[in-house]
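Counting convention: from 1, in listed order, for ligands and their atoms alike.
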Amino acid sequence: MIVTTAQLFKHAYGKYAVGAYNINNAEQAMGLFKGCIDSQAPFIIQISKGARKYTDKRMLEAIIRSAAEIFPDSIFAVHLDHGDEETCYDCINSGFFSSVMIDASHDPFDQNVAITKRVVDAAHKKGISVEAELGMLGGVEEDIKVEEGNACLTDPAEAEAFVKATGCDSLACAIGTSHGAFKFKGKQSLHFDVLDKIKARLPGFPLVMHGSSSVPKEEVDRINKAGGQIKDSMGVDVNEYLPAAKRGVTKVNIDTDGRLVWTRVHREFFRDKPQEFDFRPPGKIFIDEYAKFIASRNKLLGSANQLADLRKSLGK
Ligand code: G3H
Ligand code: 13P
Ligand code: ZN
């Protein structure tokens with residue numbers, strides 16, 4: 001069942017965070033739905049502009065509709081990840097997306113407010129939720145690369161003013177994470193101090209954490225042993241997901257870790273079976289491994305085993 005992110009956040013707020021996972025193809029969709037049903041968790045499917053271009057935007061829609069039929073107990077939102085204004089309108093008018101993200105965080109504050117407000121007005125007319133972003137994460141997202149030096153944490157006073165001015169439904173805040181596999185050189189914690197200040201100014205308002213992959217060392221080691229050349233790096237400490245959720249983070253974005261699962265499975269498979277050229281055997285392994293990964297993340301986010309109670313609260 002497709003719901004809005006606002007409906008998911010109402011149930012989750014202050015108790016757990018909903019995992020938001022990017023998909024690009026059928027194998028990721030199968031693993032995601034399977035992992036969420038295995039762990040009885042609601043979830044958010046994220047589709048980036050790159051994902052819509054990879055095959056064809058209609059392909060992802062068809063895959064998701066089919067997955068919802070294969071897993072009829074699933075409850076999820078379909079969300080545009082890091083949208084620009086034009087893509088937001090395309091998704092709002094598609095009749096398929098239940099939530100969009102307008103990311104004008106690279107623009108000056110007033111421009112970010114103006115663009116976000118236009119998208120909010122259009123989305124709310126159709127009952128669609130809007131996530132906006134304030135502050136700047138490091139790393140690469142879509143075609144924009146933000147150098148570490150230019151990344152800046154969200155200012156709590158600005159966050160309050162921004163939400164009031166735009167009417168957005170959730171806010172992506174920069175609290176020390178960055179996109180991609182190369183986040184921290186050593187162990188580093190989230191900026192809980194900033195999060196506490198934002199929550200104090202926006203009580204009850206859903207916050208979003210991008211760049212939340214944990215970049216597991218054992219995954220990177222296995223990839224490199226099978227011929228990969230991924231630099232050593234540390235991601236977000238998975239034990240900080242729940243403390244963040246208690247402070248108002250209701251959506252946690254994880255994409256890179258799933259790509260690492262894919263890379264490990266395929267590198268190991270073809271290393272061990274160099275004569276093989278049928279892509280379905282490793283595809284099957286990936287679906288199962290991705291499902292296990294998703295279920296493990298849902299447990300850490302606290303969203304596992306929330307499905308029955310959520311369904312009751314939705315009156316379904
Ligand atoms: O933040 C970006 C997401 O990881 C999606 O990545 O734009 O390469 O699909 P993508
Ligand atoms: P990661 O690169 O840490 O997985 O972050 C994904 C993300 O924020 C998608 O919007
Ligand atoms: Zn992101």
*Using a cut-off of 6.0 Å, state whether more than 12 heavy atoms not belonging to Lys217 lie near its atom NZ.*
no
*Compute the ring centroids of His266 and Phe279, then answer whether they are less than 6.0 Å apart.*
no
*With sequence neighbours left out, what residues match Asp255 under side-chain contact (heavy atoms from CB on, under 4.5 Å)?*
Asn22, Arg259
*Cationic N near anionic O, under 4.0 Å, Lys117 to Asp121*: yes
_Check the orientation of Phe76 and Phe43. Use parallel for under 30°, tilted for 30 to 60°, and perpendicular for over 60°._
parallel
_Please work out, at 4.0 Å between heavy atoms, whether the side chain, the backbone, both, or neither of His82 comes within that distance of ligand 1._
side chain
*Just heavy atoms, cut-off under 4.0 Å: does Asp81 contact ligand 1 by side chain, backbone, both, or neither?*
side chain
*asked:* Please give the atom name: the N, O or S atom of His210 nearest to the Zn ion (ligand 3).
replied: ND1
*Is it true that atom CD of Gln275 has more than 12 heavy atoms of other residues, nucleotides or ligands lying nearer than 6.0 Å?*
yes
*Could you list the atoms of ligand 1 found under 4.0 angstrom from a heavy atom of His179?*
1 (O)
*Considering the heavy atoms of Asp255, write down every atom of ligand 1 situated less than 4.0 Å from one of them.*
3 (C), 4 (O), 5 (C), 6 (O)
_Which atom name does His179 have for its N/O/S atom nearest to the Zn ion (ligand 3)?_
NE2
*Salt bridge check: are Lys225 and Glu268 linked by an N-O gap of less than 4.0 Å?*
no
_Taking the six-membered ring for Trp, are Phe9 and Tyr13 closer than 6.0 Å centroid to centroid?_
no
_Those atoms of ligand 1 less than 4.0 Å from some heavy atom in Asn22_ = 3 (C), 5 (C)
_Just verifying a value: how many Å separate Leu171 CG and Glu160 CD, rounded to the nearest 0.5 Å?_
12.0 Å
*Could you give the distance from OH (Tyr21) to CD (Gln46), rounded to the nearest 0.5 Å?*
10.5 Å
*Around ligand 2, what residues show up once you keep those with a heavy atom under 4.0 Å from it?*
Asn22, Gln46, Asp81, His82, His179, Gly180, Lys183, His210, Gly211, Ser212, Ser213, Asn253, Ile254, Asp255, Thr256
_Contact partition for Arg259 relative to ligand 1, non-hydrogen atoms under 4.0 Å_ = side chain
